Protein chains: 2
Amino acid sequence: MKSLIQEGTLMSLKRLAVSDDQRVVVREVLSRLGDRWSVRVIYHTAGDPIRFSELKRKIDRINPISARVLTRTLKQLEKDGLVYRQVYPIIPPRVEYSLTELGRRFLELAMEIIDWSIENQHDFEAARREFEAQAVPQ
Amino acid sequence: MKSLIQEGTLMSLKRLAVSDDQRVVVREVLSRLGDRWSVRVIYHTAGDPIRFSELKRKIDRINPISARVLTRTLKQLEKDGLVYRQVYPIIPPRVEYSLTELGRRFLELAMEIIDWSIENQHDFEAARREFEAQAVPQ
DNA sequence: CAGAATCCGTCATGATACTG
DNA sequence: CAGTATCATGACGGATTCTG
């Protein structure tokens, strides 16, 4: 299994090292995983098309998000091609968000990591405890 | 395939929503993917145990990293249980870094996403071009 | 309803110099 | 060799107020 990692990663890094454009895309995608809201927004956009306010309300239930941040996150995701934004030019305005195919696959990959994190929760917590037991016993 | 996503993600979100601790762990792992250096450091730590300076030199070849940032990144990864730090109490000091089992699996998952990003590079670039063509035509 | 505008605090990153 | 200390900065996130 060690060789599996090393061969796989070496191939990836070669490809990663070749082109600047590729490094930019990778950085972009990993950033979406790492920022505070993108994954959560994408998750709540996975079902039927959802309006701005409803999306905000759903997210607020778990963790409050400001309109400004939700707007910025959605705009970024739209630019990345992960989210589709449909505008109905009526009054009052109606805007619906949904996932693109790219967005759906992104969510699947994100979920793999999320599930893995939860499965290994205790290992992570044990590592942290041990680290803090060693460091600066004062 | 839609139901696949929705069932899978719903299960994950339920688990995600239940416990605060679980949300913390998930946030932690996703942050490691999203920050600028962790994945790169983990990649270069995947082979034989590697010393601080050699690690720095390898990373520098692609993108220069300051000693301060490399130190901080390594310490964080050690605290997360992804990297193992072996100290030899000799003079001059010798410190070797290697991956834990948790770190190896993390790298595999990260590589899935990296490979996917590269495979879909053109879709991402097309989405960005289209977005910028629409926005603010001035 | 779906944002935009403004202002502000925090954290990650980074350059530079120093040390056991 | 393997870091630490100090200082600076820019992006991200957030609260509040306003609008077509």
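Throughout, a chain's letter reflects where its sequence line sits, starting with A, and its residues are numbered from 1. Only heavy atoms go into these numbers, but all of them, side chains included; no hydrogens, no water, no symmetry mates. Keep in mind the model is a prediction, meaning the values are calculated, not measured.
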Rounded distance (Å) that lies between atom [atom2] of [N] and atom [atom1] of [X]:
X     : N      : atom1 : atom2 : result
A:I59 : D:dG14 : CD1   : P     : 11 Å
A:L74 : D:dC12 : CG    : C1'   : 16 Å
B:R72 : D:dT6  : CZ    : C1'   : 15 Å
A:K75 : D:dC12 : NZ    : P     : 16 Å
A:R32 : D:dA11 : CZ    : P     : 14 Å
B:E96 : D:dA2  : CD    : P     : 9 Å
A:L70 : D:dG14 : CG    : C1'   : 13 Å

Using a 4.5 Å cut-off on heavy atoms from C-beta on, say whether the side chain of [Y] contacts that of [X].
X     : Y      : answer
B:Q86 : B:Y97  : no
A:Y43 : A:M111 : yes
B:E28 : B:D80  : yes
B:I59 : B:H44  : yes
B:D21 : A:E125 : yes

Exercise for review: Specify the residue among B:D35 and A:R57 whose closest nucleotide of DNA chain C lies further upstream toward the 5′ end.
Suggested key: A:R57
Point to revise | The single option from A:V69, A:T73, A:D35 passing side chain to side chain contact (heavy atoms under 4.5 Å, CB included) against A:V41 | key: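 Going through the options one by one, the only one that passes is A:T73.
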Review point. Is a side-chain donor or acceptor of A:K56 paired with a backbone partner of A:A67 at a separation under 3.5 angstrom?
Key: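 The answer is no, because no donor-acceptor pair under 3.5 Å joins these two groups.
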Exercise for review: Look at all strands and tell whether A:Y97 reaches a base, only sugar-phosphate, or nothing, counting heavy atoms closer than 4.0 Å.
Suggested key: sugar-phosphate
Review point. With the sugar-phosphate defined as primed atoms, P, OP1 and OP2, and the base as all remaining atoms, what B/S/- string results for nucleotides 15-20 of chain D, 5' to 3', for protein heavy atoms under 4.0 Å?
Key: B----B
Point to revise | In one Ile/Leu/Val/Met/Phe/Trp/Tyr side-chain cluster, 4.5 Å: A:V87, A:V83 | key: yes
Point to revise | For chain A, the stretch of DNA chain C it reaches, first to last nucleotide, under 4.0 Å of its heavy atoms | key: C:dC1 to C:dC7
**Study point:** Contact summary for B:W116 and A:L102, nearest pair of heavy atoms
**Key:** CZ2-O, 3.6 Å
